[in-house]
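When a ligand or atom number is given, it counts from 1 through the structure's own listing order. Numbers here are sequence positions counted from 1.
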Amino acid sequence: MNSSLIVVKIGGGDGMNYEAIAHDAAQLWQDGTPLILVHGGNAELNRVAEQLGHPPQFLKHPNGMTSRLTDRRALEIFEMVYCGLVNKRLVERLQAAGANAIGLSGLDGQLLRGRRKTAVKYVENDKIKIHRGDYTGSVESVKETLLMTLLESGFLPVLTPPALSHEYEAINVDGDQIAALIARTMQASALVLLSNVPGLLARYPDESSLIRHIPASRVEQTLEIAQERMKKKALSAAEAIQAGVKKVIFADGRVDNPLQRALAGEGTVIE
Ligand code: ADP
């Protein structure tokens, strides 16, 4: 599509400056930059799940990664927080800042389709076990025509998981993967991943060890540096670059003017 498209993933960790992000996004949108926002909601989800008496549970996979266990009740709470609280908070702030934001989940209009993984392998007491009945999966396709229609009609899309499985169920999919998939499919000029850290840190959590630049040809480096939760983000970034997205920026979503700063080269720039 439009080579000037910017896709922004707004992380769901504590400390994100929604007000500043909305302000910057609205500014860009008003200046005519095509923009698509995707958000998470991790920290808020953990809090609400605790309050509703269904505390978060995580599975440790044989490859060392962890993921959220999403049974039916967890999926319902996930939808309340992501499609409700976090999505509408962002839409409200964007509207107040002057952008005609429209909030959509991956279910709406079959915007995001994916594959449900009903059986998930996990490790417990050094043994590999299988958890069944999970509502998680991976996102595989995006309905580009719907996003194009929205952009051309002057809306600013604000997107959230879940995605719609091939069997028409809601599935919890990773927000970074969604943003990277959209950036790849629509050949965005930049993918910005805003999080509650200044960027990719060589010695996490030491914020002074920020890596400023990684050449696109050496994007695999990000996978070696990133740990735990950052690993998934790094994987999405690498896939985006390898699929032709010009630039991926890992930047701080806690500061004032987070998007302007990211686009001016603060954070970790891969290009
Ligand atoms: P979000 O919800 O913001 O999309 P995640 O919480 O999934 O993001 O991932 C970001 C987190 O990854 C950071 O808050 C930090 O705790 C962790 N992290 C792990 N390794 C690194 C690293 N090398 N550099 C930066 N952050 C890292």
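For Gln187 (side chain) and Arg184 (main-chain N/O), a donor-acceptor pair under 3.5 Å exists by modelled atom type.
A salt bridge is defined here as a Lys NZ or Arg NE, NH1 or NH2 lying under 4.0 Å from an Asp or Glu carboxylate O, and Asp14 with Arg47 meets this definition. With respect to Lys232 and Asp176, no salt bridge is recorded, no charged nitrogen being found less than 4.0 Å from a carboxylate O. Ion pair Glu167/Arg116 not flagged as a salt bridge, since none of the NZ, NE, NH1 or NH2 atoms sits closer than 4.0 Å to an Asp/Glu carboxylate oxygen. No salt bridge links Arg73 with Asp71; every basic N to acidic carboxylate O contact stays at or beyond 4.0 Å.
Counting heavy atoms closer than 4.0 Å to ligand 1, residue Lys9 contributes side-chain atoms (C-beta onward) but none from N, CA, C or O. Residue Lys232 does not touch ligand 1, judged by heavy-atom distances below 4.0 Å. When heavy-atom distances to ligand 1 are checked against a 4.0 Å cut-off, Leu201 comes that close through both its backbone and its side chain.
For atom 14 (O) of ligand 1, the closest non-hydrogen atom on the protein side is Asn196 OD1, 2.6 Å. The nearest heavy-atom contact from the protein to atom 21 (C) of ligand 1 is Met230 CG, 3.4 Å. For atom 3 (O) of ligand 1, the closest non-hydrogen atom of the protein is Ser195 OG, 2.8 Å. For atom 4 (O) of ligand 1, the closest non-hydrogen atom of the protein is Lys233 NZ, 2.5 Å. Distance from atom 16 (O) of ligand 1 to its nearest protein heavy atom, with residue and atom name: Tyr204 OH, 2.5 Å.
Within the listing of ligand 1, atoms 23 (N) sit less than 4.0 angstrom from a heavy atom of Ile225. Distances below 4.0 Å separate heavy atoms of Gly12 from the following atoms of ligand 1: 1 (P), 2 (O), 3 (O). Less than 4.0 angstrom separates some heavy atom of Gly11 from each of these atoms of ligand 1: 1 (P), 2 (O), 3 (O), 4 (O). Listed by number with element, the atoms of ligand 1 under 4.0 Å from a non-hydrogen atom of Gln227 are 19 (C), 20 (N).
For the ligand labelled ligand 1, residue Gly199 lies inside the 4.0 Å heavy-atom shell. Residue contacts with ligand 1 do not include Gly40, since none of its heavy atoms lies under 4.0 Å from the ligand.
Cluster annotation: Val139 and Leu191 are assigned to the same hydrophobic cluster (Ile/Leu/Val/Met/Phe/Trp/Tyr, side-chain heavy-atom contacts under 4.5 Å, transitive).
When all heavy atoms are compared, the tightest approach of Asn87 to Thr160 is ND2-CG2, 3.7 Å. In this structure, Lys233 and Leu193 approach most closely via the heavy-atom pair CG-CD1, 4.0 Å.
Side-chain contact annotation: Glu76 with His54, donor-acceptor N/O pair under 3.5 Å absent.
At under 3.5 Å, not a single nitrogen or oxygen of Asn42, backbone or side chain, sits near a nitrogen or oxygen of ligand 1.
Nearest to atom 5 (P) of ligand 1 by heavy-atom distance, out of Met16, Arg229, Glu224, is Arg229.
For the side-chain hydrogen bond (donor to acceptor under 3.5 Å, both in side chains) test with Arg68, the passing option among Thr136, Asn42, Asp174 is Asn42; the others fail.
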